[in-house]
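Reading through the C-alpha cells given below for one structure.
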Amino acid sequence: MERIGHYIGGKHVRGESGRRGPVFDPATGTQTHEVDFADVPEVDAAVDAAREAFPAWRATSLSKRADIMFGVRELLEERRADLAAVITAQHGKVLSDAVGEVQRGLENVEFATGIPNLLKGGFSEQVSTGVDVYSIRQPLGVVAGITPFNFPAMVPLWMCANAIACGNTFLLKPSEKDPGASLLIAELFKDAGLPDGVFNVVQGDKVVVDRILEHPEIRAVSFVGSTPIARYVYETGTRNGKRVQALGGAKNHMIVLPDADVDMAADAAVSAGYGSAGERCMAVSVVVAVGGVGDRIVEAIRERLPKIKLGPGSDPESEMGPLVTKEHRDRVASYLDSGREQGATVVADGREDGRYGGEGFFLGVSLLDGVTPEMDCYRDEIFGPVLSVVRVDTYDEAVRLVNENPYGNGVAIFTRDGGAARTFQFEVEAGMVGVNVPIPVPVSYYSFGGWKSSLFGDTHMYGPEGVNFYTRGKVVTSRWPDPATSAVDLGFPRTR
Ligand code: NAD
C-alpha cells in the first residue's frame, strides 16, 4: 500500500511512529493509501525546522517574497489539473469542482503577491519637535494551520499564502482523510524557490493537533473544521498563550421571498445545496420559503433533481460525486429517516439512486419539505446532499429563524426587492451574506469568516484580516540627535 508521509525541512519524510490511517477512493470504496500519523517527536522535528528557517526567511526582502509567490501562482496554474486529480481521487468531488477549488486557493496566492503593499505601515512626521512616528507589522514566528477534509487544497492555501508572505514559517496539519494535496502544495512552494523549512507538513490526528496546541514555539494557529473541534482548538490554544482563529461548522439558510425569481432561486438552491455533495461549509442546507412561495420553490427544486448526474468525480459527465467516507455517508442518510419520523415529508430520497449501496460512498440528492426547527435534520449540520425546506409566513419569521440559529457562517436572500435585501443585510446575524447569490464566499481581498458558533476568535481568515492575524504591530517613535532639542526632563513624555 502506497504511503503518504510528512514534509519536513524541504524533504519528504516517512513516518516513524508506526501509527497510520487509511485513505480511500470514495468513488470505489477501496483503500488506496496509508497516511502516516505523527507522534510528538515528529511534530517537534517539523517545528525545529520551521524555527531554524525563520530568521533568514523574515529577513528576506519583500520583493523576493513576492517573487516566490508569483512563482507559486505560475506553478499552481501549470499543475492545476494534477492537484485537482489528487483532490478528486481522495475527496471524491467532481473534477470541475476540484479545479474550482484550486482556482479559489490560487486567488489567495495572488493576493499574497501584493505583500510589499500589504505590509506598508503608517508614518507621521513631526509628531513632536524633531520626532517622527511610524508603524510596522512584523511576522510572529512559527505558525500552524489545521485543515478539514472538504477543501484539501483551498483551505491550506487560505492560510499558508499569507502566513508565509508575511514572513512566518508554517506547519500544516491536513485532514487525514485526503492528505495527498498537502504534499503537492509543499513541493510547489519549494519549486518556486521557497527555502527549506519555511513550509512543513505533518500528517496525523489528535496527537498532532494537541502537540501543536501546546508547543511553546508555535505562536499562532489557524483552524478550519467542525464546531466542537474549533471550540476545543480555540480554548486550548489561547489558554496556552497562542493567537488562534478557529472556523467551525455551519447551517446556511437561503431565504426565498414571495417576489423572488423562482427559477433563479431553484437553480441556486440546487447548485448550492448539492454541489460537492453538500460537503461545503458554505453549502445551502435550509431553504426558507416565505409566504406563498413554498409550493412553487419545492416543485421547482424537485423537478431539477432527476437531471443531476451522480457518478465518480473523475468522470467528466458526473455533476456530483460520492461522500468522503462510508461512515459519513451513512450518517447523512440517517437524517432522511429521522426527518420522516419527526414529521418532515421526504420529497426525494437519495437512497433510491442506483449507486447507493453499491461500490463507493454514494448517496443521491435528497429533499425534505415541511422541516421545523425542532427536527434533527434542522438542528444538526448534515454536511451532505440533503436539502431541507422550512416554510414560514413572514420575512420577520425567516430572519428570526436565521438569527436564532447557533451557527452564523453564510446566508442568502432571494428577492427582487432592493429595500428588503438591504434591511436583511443590516439585521441578519451571519458573517457572509448573499443577495441573490447562494454561496457568498468572499474574494481573496476580503476576508472569510462566520459569526456565532461558526468562528472562535476575533479575526476572519485570509485577505486583510489574514495579514493582521499573521503579523503583530510595532510603533517606532524616533528622533535624530539634535543638540538644540536636547534637555533633561523627568516628566512623562509630552508632545511639544
Ligand atoms: P473535523 O473537525 O473533523 O476535522 C478538522 C481537523 O481537525 C482535521 O485536521 C482533523 O484531523 C482534526 N481533528 C478531528 N478531530 C479532532 C480531535 N478530536 N482533536 C483534535 N483535532 C481533531 O472537520 P472535517 O470533518 O474534516 O471537516 C468538515 C467540517 O469543517 C464541517 O463542520 C464544516 O462546516 C467545517 N468547515 C468549516 C469551514 C469554515 O470556513 N467555517 C470551511 C470548511 C469546513
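Just so you know, ligand 1 is whichever comes first in the structure, and atom 1 is the first atom listed for that ligand.
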Legend entry - Shortest reach to atom 5 (C) of ligand 1 by a heavy atom, considering only Phe223, Phe149, Trp158, Phe151: Phe223

Legend entry - Validation row: Phe151, Pro156 side chains within 4.5 angstrom (heavy atoms): no

Inset, instruction - Mind running ring pair (Phe, Tyr, Trp, His ring centres under 6.0 Å) on Phe448 and His460 for me, showing each step along the way? - result: CA-CA 5 Å; Phe448 182 109; His460 288 195; 8.2 Å; no

Legend entry - Ligand-side contact atoms (ligand 1) for residue partner Lys173, heavy atom cut-off under 4.0 Å: 8 (C), 9 (O), 10 (C), 11 (O)

Inset, instruction - Provide, to 0.1 Å, the distance between atom 35 (C) of ligand 1 and the closest protein heavy atom, together with that atom's residue and name. - result: Gly225 O, 3.1 Å

Legend entry - Criterion ring pair (Phe, Tyr, Trp, His ring centres under 6.0 Å) on His253 and Tyr378, from CA distance to verdict: CA-CA 10 Å; His253 295 64; Tyr378 179 81; 5.5 Å; yes

Legend entry - Nearest-neighbour protein heavy atom for atom 19 (N) of ligand 1, which is reported as residue plus atom name and distance: Lys206 CG, 3.4 Å

Inset, instruction - Indicate yes or no: does Lys93 engage Glu101 in a salt bridge with an N to O separation below 4.0 Å. - result: yes

Legend entry - Atom indices of ligand 1, in the order listed, that fall short of 4.0 Å to a heavy atom of Phe383: 28 (C), 31 (C), 33 (C), 34 (O)

Inset, instruction - Measure Glu381 to ligand 1 on non-hydrogen atoms and call it side chain, backbone, both or neither using the 4.0 Å cut-off. - result: side chain

Legend entry - atom 1 (P) of ligand 1: nearest protein contact (heavy atom, Å): Ser226 OG, 3.7 Å

Inset, instruction - Look only at interatomic distance and state if Ile229 has a nitrogen or oxygen under 3.5 Å from any nitrogen or oxygen of ligand 1. - result: no

Legend entry - Close approach of Val224 to ligand 1, heavy atoms, under 4.0 angstrom: yes

Legend entry - Basic-acidic side-chain contact under 4.0 Å: Arg73, Glu77: yes

Inset, instruction - Inspect the contact between Lys173 and Asp205 and indicate whether a charged nitrogen and a carboxylate oxygen are less than 4.0 angstrom apart. - result: no

Legend entry - Criterion side-chain contact (heavy atoms from CB on, under 4.5 Å) against Val72, the qualifying member of Ile185, Val109, Leu194: Val109

Inset, instruction - Of the side chain and backbone of Thr147, name the one, both, or neither that has a heavy atom under 4.0 Å from an atom of ligand 1. - result: backbone

Inset, instruction - Provide the number and element of each atom of ligand 1 under 4.0 Å from a heavy atom of Asn150. - result: 43 (C), 44 (C)

Legend entry - Atoms in ligand 1 with a heavy atom of Phe448 nearer than 4.0 Å: 39 (C), 40 (O)

Legend entry - side chain to side chain contact (heavy atoms under 4.5 Å, CB included) between Met461 and Leu247, intermediate numbers included: CA-CA 8 Å; Met461 205 159 278; Leu247 278 62; 3.6 Å; yes

Inset, instruction - Compute the ring centroids of Phe362 and Tyr356, then answer whether they are less than 6.0 Å apart. - result: no

Inset, instruction - Identify, for atom 27 (O) of ligand 1, the protein heavy atom at the shortest distance, and state residue, atom and that distance. - result: Pro148 CB, 3.3 Å

Legend entry - Distance-only donor-acceptor check, side chains Asp376 and Gln342, under 3.5 Å: yes

Inset, instruction - Give the residue and atom name of whichever protein heavy atom lies nearest to atom 21 (N) of ligand 1, and the separation in Å to one decimal. - result: Val209 CG2, 3.4 Å

Legend entry - Taking atom 42 (C) of ligand 1 as the reference point, the nearest protein heavy atom with its distance: Cys281 SG, 2.9 Å

Inset, instruction - Please work out whether any backbone atom (N, CA, C, O) or any side-chain heavy atom from C-beta onward of Glu176 is under 4.0 Å from ligand 1, and answer side chain, backbone, both or neither. - result: side chain

Inset, instruction - Can you sort out which atoms of ligand 1 are near Asn409, meaning under 4.0 Å from one of its heavy atoms? - result: 41 (N)

Inset, instruction - Could you check atom 37 (C) of ligand 1 against the protein and tell me its nearest heavy-atom contact, residue, atom and distance included? - result: Gly248 O, 3.1 Å

Legend entry - Arg51/Asp44 ion pair, N-O < 4.0 Å: no

Inset, instruction - Could you go through the side chain to side chain donor-acceptor pair (under 3.5 Å) check for Tyr335 and Asp380 one step at a time? - result: CA-CA 9 Å; Tyr335 286 99; Asp380 297 351; 2.6 Å; yes

Legend entry - Any Gly450 heavy atom less than 4.0 Å from ligand 1: no

